[in-house]
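Taking it in order: structure first as structure tokens, then the write-up.
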Number of protein chains: 2
Amino acid sequence: KEFIIRGVTHDDNVTKIAILGVPDQPGIAYKIFSALAKANIDVDMIVQSIRNSDQNVIDMVFTVTKTDLHQVKAIIDDIGKEMETLGVIVDDNVAKVSAVGAGMLGNPGIAANMFGALAKAGINIEVISTSEISISCLIQADKVTEAVNAIHQCFFKD
Amino acid sequence: KEFIIRGVTHDDNVTKIAILGVPDQPGIAYKIFSALAKANIDVDMIVQSIRNSDQNVIDMVFTVTKTDLHQVKAIIDDIGKEMETLGVIVDDNVAKVSAVGAGMLGNPGIAANMFGALAKAGINIEVISTSEISISCLIQADKVTEAVNAIHQCFFKD
Ligand SMILES: C[C@@H](O)[C@H](N)C(=O)O
Ligand SMILES: C[C@@H](O)[C@H](N)C(=O)O
């Protein structure tokens, strides 16, 4: 299957929020994101990886705009207390960079190439989320231009 | 912005692989996924959330087909030893369910609704990965039909 990478996009109006140690049981994701939806907060990435402890808790990571940060923090602090989580991390020193295309699946080298481009530029990948049409990474905010150039170079050899 | 959810998809030919405690430094994601690409392994989801420890390590989670599992395990076990990771988890008791549409961003309620549908069906969400056009969840394998029906019901009220 032919993979067509259409472009490299970026977004620097991003804040990463991590709720540490939410109960890993049905209803929790709903609770968190319905509270944000109720406040009309746009959520971009949502990333939940695996339970990393013997207790039934898991970290929930998502991104919102820098403008919504204040309001989000208030909502999440409340939820965090109610769920007795291990804490909340707010990191606005991030930017999102994505390789966008079609038919990502069936082309194992695409993600490797994108990660390789960032590695070559010495840029650490902090969060990864993928879909059939995109590979998105959160990186340090001030590296975003470098990152876009590196990935673009890798796929389009300008 | 109008969100159009086009459908609910699922995939039960899925195995979840987690490499626990990989070094969180440039070049690591490249190393893992170029090794898989070299062996022509198709990787579907890649999910990396946040560092969950004071040491500079992080968990890398991805999915491959059940058919590739054997070969993937061999590759990842080698990489794991070389990187001195904390271990590898292989879980083939999972299936993937996705809500697919357009313009996900700008519609905070969509993810909440999907998570709510799963919660109402008592289905635990194990992994989450999103993009502008899709919200994907890994759930227990034998819940996939129930999950698809629940999400479909929620969005299409059949
Ligand atoms: C953590 C959260 O995703 C939980 N497992 C749920 O199903 O809602
Ligand atoms: C863990 C992995 O993503 C690492 N941070 C890298 O940049 O390759």
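Below, chains carry the letters A, B, ... as their sequence lines are ordered, and counting in each starts from 1. In this text the structure is predicted, and so the values were computed from the model without any measurement.
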### Query
Quick one: what part of A:L20 sits under 4.5 Å from any heavy atom of chain B, side chain, backbone, both or neither?
side chain

### Heavy-atom contact with chain B under 4.5 Å, split by part of A:I58
side chain

### Message
Given heavy-atom pairs under 4.5 angstrom as the criterion, report whether the side chain, backbone, both or neither of B:S136 touches chain A.
### Response
neither

### Message
Is B:I41 close to chain A through its backbone or its side chain, or both, or neither, when contacts mean heavy atoms under 4.5 Å?
### Response
backbone

### Message
Minimum heavy-atom separation for B:A18 and A:I50, please, with both atom names.
### Response
CB-CD1, 3.5 Å

### Task
Measure A:L118 against the heavy atoms of chain B and call it side chain, backbone, both or neither at under 4.5 Å.
neither

### Query
Relative to chain B, which of A:A29, A:A121, A:C137, A:S34 shows the most heavy atom pairs under 4.5 Å?
A:A29

### Query
Checking heavy atoms, do the side chain of A:V61, its backbone, both or neither come under 4.5 Å from chain B?
side chain

#### Entry: B:S129 side chain vs A:T130 backbone, donor-acceptor pair below 3.5 Å
yes

### Message
Any heavy-atom pair between the side chains of B:D24 and A:N124 that's under 4.5 Å?
### Response
yes

### Query
Where does A:K38 contact chain B at under 4.5 Å (heavy atoms): side chain, backbone, both or neither?
neither

### Task
Could you have a look at A:S49, A:G116, A:A39 and say which one has the most heavy-atom pairs with chain B under 4.5 angstrom?
A:S49

### Task
Check each atom of A:M114 against the heavy atoms of chain B and say whether the ones under 4.5 Å are side chain, backbone, both or neither.
neither

### Task
Considering non-hydrogen atoms only, spot the tightest contact between A:Y30 and B:A119 and give its length.
CB-CB, 4.4 Å

### Query
What residues of residues 66-98 of chain A sit under 4.5 Å from chain B when only non-hydrogen atoms are counted?
A:I89

### Message
Is any side-chain heavy atom of A:F115 closer than 4.5 Å to one of B:I46?
### Response
yes

### Query
Between A:S134 and B:S131, do the side chains contain an N or O donor and an N or O acceptor separated by less than 3.5 Å?
no

### Message
I'd like to check B:V47 versus A:I128 (side-chain heavy atoms, cut-off strictly below 4.5 Å). Are they in contact?
### Response
no

### Query
At a heavy-atom separation under 4.5 Å, does A:I123 approach chain B through its side chain, its backbone, both, or neither?
backbone

### Message
I want to check something: taking the side chain as every heavy atom from C-beta on, are B:E132 and A:V100 in contact at a cut-off of under 4.5 Å?
### Response
no

### Query
If every non-hydrogen atom of A:E126 is compared with every non-hydrogen atom of B:Q48, which pair is closest and at what distance?
O-NE2, 3.1 Å

## Note on the structure
With chain A, the option among B:G21, B:A117, B:G109, B:G122 that has the most non-hydrogen atom pairs under 4.5 Å is B:G122

